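Since the model is a prediction, treat every value here as computed from it, not as a measurement. Both ligands and their constituent atoms are indexed starting at 1 by order of listing. Side chains are part of it too, since the values below use all heavy atoms of this structure and drop only hydrogens, waters and symmetry mates.
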Amino acid sequence: MTTSIQTVEIIIPLYNEAGSVAAFHHQVCTAIADLSYRFLFTYVDDGSSDGTARILEQLQQQDARIRIIELSRNFGHQAALSAGLDASASDADADAVISMDGDGEHPPHLIVEMLAQAEAGYDIVIAMRQEDQQAFWIKRSTSSAFYWLINRIGDTRIAPGAADFRLITRPVLDSLRQFHEYHRFLRGIVAWMGYRSISLPYSPARRIDGKSKFTFKKMFALASQAIFSFSLVPLYFVISLGAIFLLLAFAEGIYVLSFWVSGQQSGLAPGWSSLMFVLLIIGGTIMISLGIIGVYLGYIFQEVKRRPVYLVRRTLERIQPSQSAATP
Ligand code: UDP
Ligand code: MG
C-alpha cells in the first residue's frame with residue numbers, strides 16, 4: 001500500500017510550559033526543515049496560568065502554521081490531546097497527525113522516521129520510550145508496575161513505554177473520533193483499534209524547562225482510568241474472593257458440626273478472638289468489594305452524563321491557513 005501524505009499536523013498539549021514552548025517549537029522546526037510535507041501545528045493550552053498563552057500568540061505571529069486552542073481550564077493531558085485530535089480531524093487536508101509533548105522530552109528528529117514508516121504503509125507509528133535512566137526511580141518502578149498489571153488483567157496489550165508520542169494516519173484519526181468515552185486512556189484505545197502499527201524506540205531527552213506536570217494524583221488518575229476502563233478483572237477478583245470466603249465458612253461449619261456429631265461439643269471454646277478475626281476479614285472484604293463496584297458505578301455514572309471531555313475557551317485559527325511553506 002502506498003500512502004500519499006501531504007499535510008502533517010502536529011498536536012501539542014501544553015500545561016504551564018512557558019519556559020519550554022518557544023525552544024520546543026524551534027527544535028521541531030529545525031527537525032522538519034528538510035522535509036517536503038506541509039506541516040501544521042495545533043497547540044492546545046490546557047488552562048495554563050504561567051503565560052504560556054502569551055508566548056503561543058507571539059509564536060503564532062511568527063509562524064502562520066500555528067493554531068492555538070485554549071481550553072477553559074485545566075482538563076488534563078488526555079483531554080487536551082483529544083481537543084487537538086478533534087480539531088485536526090476537522091482539517092480535511094490533514095493526512096497524518098503526530099501528537100507529542102511540548103516539554104522537549106519527545107525528540108523531534110523522530111518525526112522524520114515516523115513519516116517514513118507511514119509512507120511505508122503503517123497506519124500507526126508509536127514511539128516507545130526506552131528505559132529512562134534519568135527518571136526518578138519511583139516513576140520508573142510505578143510505570144513498569146502499571147504496565148505489568150494492565151497487561152495481566154486487561155484484554156488489550158499495551159506495550160510498556162508507549163508514550164502519547166505517535167503518528168496516526170487519517171483513517172485512524174477518523175475512527176478515533178468514534179470513541180466518545182469520558183474516561184480516556186488514548187494509549188489503550190489506540191492499541192485496541194488495531195490497524196497496521198509499528199513502534200519506534202527512543203530515548204527521552206531532558207525537559208527544556210520546569211518540571212513534570214504529572215503529579216502523583218494525575219498519574220494515579222490515569223492509571224485507574226486505564227484499569228477500570230480496560231478491564232473487568234477487579235470485579236471478577238472480588239467475586240472469587242467472596243466465593244473463597246463462602247467456602248471457608250462452609251468448611252468451618254463442617255468442622256464445628258463434627259464436634260457435635262462426636263459429642264465433643266464441650267471442647268468448643270467460646271472463640272471470641274477467632275470470631276472477631278473472621279468478622280474483620282469478611283467486613284473488610286465486603287467493603288473493598290463494594291468500593292470496587294462503586295468505582296465502576298461511578299465510571300458508568302460519569303459516562304452516562306455524557307459531559308464534554310473538554311471545553312474550548314477560544315481558538316486562534318492559523319493566520320493564513322492556505323499558506324504552506326511559512327517558516328518562523
Ligand atoms: N500536560 C497537559 N495537561 C496536564 C498535564 C500535562 O497538557 O494537565 C502536558 C504537558 O504540558 C506536556 C505533556 O502534557 O506537554 C506531558 O506532561 P509532562 O511532561 O508534565 O509529563 P511527563 O513527561 O512527566 O510524564
Ligand atoms: Mg514530559
- prompt: Relative to the ring of Phe41, is the ring of Tyr43 parallel (under 30°), tilted (30 to 60°) or perpendicular (over 60°)?
  reply: parallel

- prompt: So does Asp101 have any N/O/S atom less than 2.8 Å away from the Mg ion (ligand 2)?
  reply: no

- prompt: Counting only N and O atoms by type, is there a donor-acceptor contact under 3.5 Å from the side chain of Asp209 to the main-chain atoms of Ala18?
  reply: no

- request: Determine, using the 4.5 Å side-chain heavy-atom cutoff (strictly less than), whether Leu35 and Ile66 are members of one ILVMFWY cluster.
  value: yes

- request: For this output row, return yes or no: ring centroids of Phe165 and Tyr202 closer than 6.0 angstrom.
  value: yes

- request: For residues Phe185 and Trp192, establish whether the separation of their ring centroids is below 6.0 Å.
  value: no

task: Indicate whether the side chain of Tyr310 and that of Ser72 have a donor and an acceptor atom separated by less than 3.5 Å.
output: no

message: For Met100, state whether at least one heavy atom is located under 4.0 Å from any atom of ligand 1.
response: no

query: So, is Asp103 polar-close to ligand 1, with some N/O to N/O distance under 3.5 Å?
result: yes

- request: Answer yes or no: does an N/O atom from Ala80 fall short of 3.5 Å to an N/O atom of ligand 1?
  value: no

query: Looking only at heavy atoms, is any part of His77 under 4.0 Å from ligand 1, and if so is it the side chain, the backbone, or both, or is it neither?
result: both

statement: Which atom of Glu105 is nearest the Mg ion (ligand 2), counting N, O or S only? It is OE2

field: Asp103: its N/O/S atom lying closest to the Mg ion (ligand 2) (atom name)
entry: OD2

query: So is Met219 close enough to ligand 1, meaning a heavy atom under 4.0 angstrom away?
result: no

- prompt: What part of Asn74, side chain from CB on, backbone N/CA/C/O, both or neither, has a heavy atom under 4.0 Å from ligand 1?
  reply: side chain

field: The single option from Thr315, Ile11, Leu316 passing side chain to side chain contact (heavy atoms under 4.5 Å, CB included) against Arg67
entry: Thr315

